[in-house]
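Scroll down for the structure; my scribbles are underneath it.
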Amino acid sequence: MGELKRTHDCYSITEESLETEVVLMGWVHRRRDHGGLIFVDLRDRKGITQVVFAPEVDEKSHQKAHSLRSEYVIAVRGRVRRRPEGMENPKIKTGMVEVACLELRILNTSKTPPFPLEEEKEVSESVRLKYRYIDLRKPHMVENLTLRHSVCQAMREFLNQHDFLEIETPMLTRSTPEGARDYLVPSRVNPGRFYALPQSPQLFKQILMISGMERYYQIVRCFRDEDLRADRQPEFTQLDMELSFVNEEGIMDLIEGLITHVFSRTLGIELNTPFPRLTYQEAMDRFGTDRPDTRFGLELVDITDIAAGCGLKVFNTIVEKGGVVRAVNAKGMADLSRKDLDVLTEFAQSFGAKGLAWVKIKEDRSWQSPIAKFFKPEEQEAVMTRLSAAPGDILFFGADSRSTVDRVLGELRLELARRRNLIPEKDFNFVWVTHFPLLEFDEDEGRFKALHHPFTAPSREDLDLLEEDPARVRSRAYDLVLNGIEIGGGSIRIHQEAVQKRVFNALNIGDEEAEEKFGFLLEALTLGAPPHGGIAFGLDRLVMLMAGRETIRDVIAFPKTQKAQCLMTRAPAHVSMAQLAELYLRPDWKQEEGQT
RNA sequence: GGGGUCGUAGUUCAGUCCGGUUAGAACGCUGGCCUGUCACGCCAGAGGUCGCGAGUUCGAGUCUCGUCGGCCCCGCCA
């Protein structure tokens with residue numbers, strides 16, 4: 001770079017800099033070589049500025065500019081000037097001006113990049129991930145990471161103002177029995193023992209409350225060794241928080257303040273508070289899911305009582321066996337073709353439905369449907385009344401166990417909305433879901449498992465059901481849902497040893513096992529534990545939604561593929577036998593190529 | 001663990017259903033011309049292990065089997 005010192009970035013060159021001399025450094029985004037005159041779009045993290053190489057301004061740099069290619073790294077000293085009349089480019093912020101080059105330095109050359117750095121051009125994700133450093137040069141990727149940074153800053157700003165301490169918790173910790181699979185790390189100095197990477201700092205933040213820290217937060221990496229999805233990575237980032245001396249209301253108020261601050265600071269969007277609240281029961285009844293997308297209607301309606309008496313055997317049998325019949329009114333969608341209905345049926349089946357019954361409402365309110373004849377006129381009328389059905393509507397029925405019907409109709413509702421573009425893309429609809437069940441019965445393991453985690457406090461009024469009817473105990477947990485995606489979850493925690501022991505019992509964790517795995521927590525609860533609660537936000541998901549992306553990979557600098565591999569570094573990789581031996585690990589898989 | 005989908009030039013894709021000449025297009029790339037472009041333009045050119053392996057066939061990008069990989073989903077994710 002010699003004595004050249006960068007004076008501006010490629011975004012901040014404006015008419016205020018006219019006739020001044022500036023030094024820009026960045027990458028050659030595009031070159032338009034007219035022979036006698038060469039234009040280069042110079043790109044840096046902030047933006048793009050057009051540089052003109054003209055022989056009458058500087059012969060030498062004009063000569064040199066012929067050799068410039070895409071992604072060369074250059075430094076340009078030049079004079080800012082107004083573009084000639086009619087030659088302005090309103091598409092870029094610096095489009096009124098240009099920099100006439102007086103001196104060009106090529107800081108580094110570049111081979112032709114493996115894919116174009118243009119937003120519109122779709123490039124397969126595997127190529128993007130292999131060359132992630134080039135992918136990240138794309139302006140929209142810079143925007144995503146910049147937004148992520150701003151969101152973190154706004155969070156810190158708000159929490160610092162509200163008297164929170166940012167405290168780090170260990171990455172090497174112990175494996176916990178409940179929950180997801182752990183990533184394990186062998187201990188060299190403790191042969192045969194393993195650390196686990198944290199699935200969340202849950203226990204440490206509760207201990208911090210018992211330590212009297214009162215308000216804690218951390219933007220922290222968490223690890224879960226489970227299969228990946230568009231919104232799930234093996235390592236992800238959480239805004240983790242915990243407070244003492246609060247109840248649900250206190251936390252939800254605080255979080256609404258936090259989210260409002262973040263949206264205002266980063267996107268300039270002013271959200272309305274308080275956010276709507278639904279109980280788990282309401283959410284399941286109306287949307288068939290505990291993370292409802294509330295940007296559109298198409299709510300579920302129960303017609304089990306009507307179906308029980310109708311002439312359709314399948315419905316009767318299901319109801320007799322304790323199942324339910326529920327329905328969705330797809331308003332004005334009776335124009336769906338036979339083929340559409342076949343596709344939707346297949347869709348429903350992929351979520352476990354046996355079939356998908358439907359009814360089109362004709363002009364005279366009569367039914368066009370394979371199942372019409374099984375419903376007496378008064379039953380048809382009753383169904384239509386309950387679903388507010390009108391001519392032109394089509395009703396979809398789900399009949400099965402409650403959980404299957406909820407899943408199928410919940411997904412069908414989303415699919416119908418997507419097909420008919422009923423979802424306002426720019427909206428941010430937050431909703432709190434509260435009063436989750438504390439436990440759910442796991443058929444495979446034949447025991448109750450915690451719906452959130454085993455440290456969630458049961459509702460006071462349900463406490464005595466813990467032993468007699470565990471399934472009916474509600475918890476003091478709350479989830480924050482944004483546009484149908486769970487972005488945060490938390491609860492008031494158990495702060496009394498006796499209650500914690502009762503919950504462990506309900507989970508079939510014996511005293512001995514509880515003592516062995518959570519002894520430190522149980523003991524801490526007897527040594528001055530304040531009432532406390534908290535919440536954790538999926539930062540990746542939140543930023544993804546704010547950036548309008550469809551996968552969290554687009555807001556993570558170096559994400560992994562569905563097979564949990566990093567295509568750039570090629571992790572995970574083989575290690576040497578010597579390295580394994582040092583860790584007292586003896587593999588019993590076949591020695592593969594690459595294993596030394 | 002399961003279902004779906006894709007894999008052809010540097011990139012994005014067509015060709016595969018129904019096997020048959022030298023595997024095409026666009027963008028990009030290379031060279032030449034061009035003083036107002038901004039998706040610059042014009043002319044010329046280079047560029048392919050059709051993911052990999054086996055099989056069927058006179059003949060395979062195309063059919064069959066296997067395998068590897070990307071993505072989406074179910075299960076799983078306290």
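Bear in mind that the values here come from a model prediction, so they are computed numbers and not experimental data. Just so it is clear: chains get the letters A, B, ... in the order the sequence lines come, proteins before strands, and each one is counted from 1.
Checking A/Arg553 against A/Gln199, the closest nucleotide of RNA chain B that is more toward the 5' end is the one next to A/Arg553. Residue A/Thr551 is the one, among A/Thr551 and A/Gln202, whose nearest nucleotide of RNA chain B lies closer to the 5' end (criterion: closest heavy atom).
Dashed line: the shortest gap from a side-chain N or O of A/Arg30 to OP1 or OP2 of B/C40 is under 4.0 Å. A/Lys563 has a side-chain polar atom (N or O) that falls below the 4.0 Å cut-off from OP1 or OP2 of B/G69. In this model, the phosphate group of B/G28 is not approached by any side-chain N or O of A/Ser70 to a distance below 4.0 Å at OP1 or OP2. Checking the phosphate oxygens (OP1, OP2) of B/U30, a side-chain nitrogen or oxygen of A/Arg69 falls inside 4.0 Å. Put simply, A/Arg32 has no side-chain N or O that comes within less than 4.0 Å of OP1 or OP2 on B/U37.
Side-chain atoms of A/Arg82 stay outside donor-acceptor range of the base of B/G36, with no qualifying N/O pair under 3.5 Å. Scanning atom types as modelled, no donor and acceptor separated by under 3.5 angstrom connect the side chain of A/Glu122 and the base of B/U11. Side-chain atoms of A/Arg232 come within donor-acceptor range of the base of B/C77, with a qualifying N/O pair under 3.5 Å. A donor-acceptor contact under 3.5 Å is formed by the side chain of A/Glu98 with the base of B/G36.
The P atoms of B/C73 and B/G10 are separated by 31 Å, rounded to the nearest whole Å. With C1' as the reference atom, B/G20 and B/G59 are 7 Å apart, rounded to whole Å. Using atom P as the reference point in both B/U8 and B/U62, the two lie 13 Å apart (nearest Å). One P atom belongs to B/U11, the other to B/U21, and the distance between them is 26 Å to the nearest Å. Only the P atoms considered, B/U64 is 16 Å distant from B/A60, to the nearest whole Å. On the C1' atoms, B/A54 is 15 Å away from B/C68, given to the nearest whole Å. Rounded to whole Å, the separation between the C1' atoms of B/G48 and B/C29 comes to 15 Å. Atom P of B/A39 sits at a distance of 50 Å from the matching atom of B/G66, rounded to the whole Å.
Side-chain proximity of A/Gln50 to B/C71, B/G36, B/C76: nearest is B/G36. You'll find that the side chain of A/Arg81 is closest to B/G36, out of B/G36, B/C71, B/G69. Checked against B/C77, B/C73, B/C27, the side chain of A/Arg224 finds its nearest nucleotide in B/C77. Taking the side chain of A/Gln562 as heavy atoms from C-beta on, and the options B/G70, B/U37, B/C71, the nearest nucleotide is B/C71. Set against B/C73, B/G36, B/C27, the side chain of A/Ala230 has B/C73 as its closest nucleotide. Distances from the side chain of A/Pro55 to the nucleotides B/A39, B/U35, B/C77 place B/U35 closest. Side-chain proximity of A/Glu125 to B/U12, B/G10, B/G70: nearest is B/G70. Of all nucleotides listed (B/C27, B/C38, B/U11), B/C38 comes nearest to the side chain of A/Asp41.
Base pairing analysis places B/G48 opposite nothing; no Watson-Crick or G-U wobble pair with both distances below 3.5 Å involves it.
A salt bridge is defined here as a Lys NZ or Arg NE, NH1 or NH2 lying under 4.0 Å from an Asp or Glu carboxylate O, and A/Glu440 with A/Lys449 fails to meet this definition.
A search for side-chain hydrogen bond (donor to acceptor under 3.5 Å, both in side chains) contacts involving A/Gln349 returns nothing, not counting sequence neighbours.
Ring orientation note: the planes of A/His66 and A/His62 are nearly perpendicular, at an angle over 60° on the 30°/60° scale. Taking the six-membered ring where tryptophan is involved, the planes of A/Phe518 and A/Phe504 are essentially parallel, since the angle between them stays under 30° and well short of 60°.
In this pair, A/His34 does not lay its aromatic ring on the base of B/U37; centres under 5.5 Å and planes under 30 degrees do not both hold. Ring stacking holds between A/Phe39 and B/U37, with the centres under 5.5 Å apart and the planes within 30 degrees of each other.
Between the CG atom in A/Leu416 and the CZ atom in A/Phe396 there is a gap of 5.5 Å [rounded to 0.5 Å].
What you find for A/Val431 and A/Pro292 is that their closest heavy atoms are CG1-O, 4.1 Å.
Across all strands, A/Glu56 comes closer than 4.0 Å to base atoms (heavy-atom distances). Using a 4.0 Å heavy-atom cutoff across all strands shown, A/Ile48 reaches no nucleic acid atom at all. When heavy atoms are screened at a 4.0 angstrom cut-off, A/Glu411 is found touching no nucleic acid atom at all.
Counting only N and O atoms by type, the side chains of A/Tyr11 and A/Asp44 include no donor and acceptor under 3.5 Å apart.
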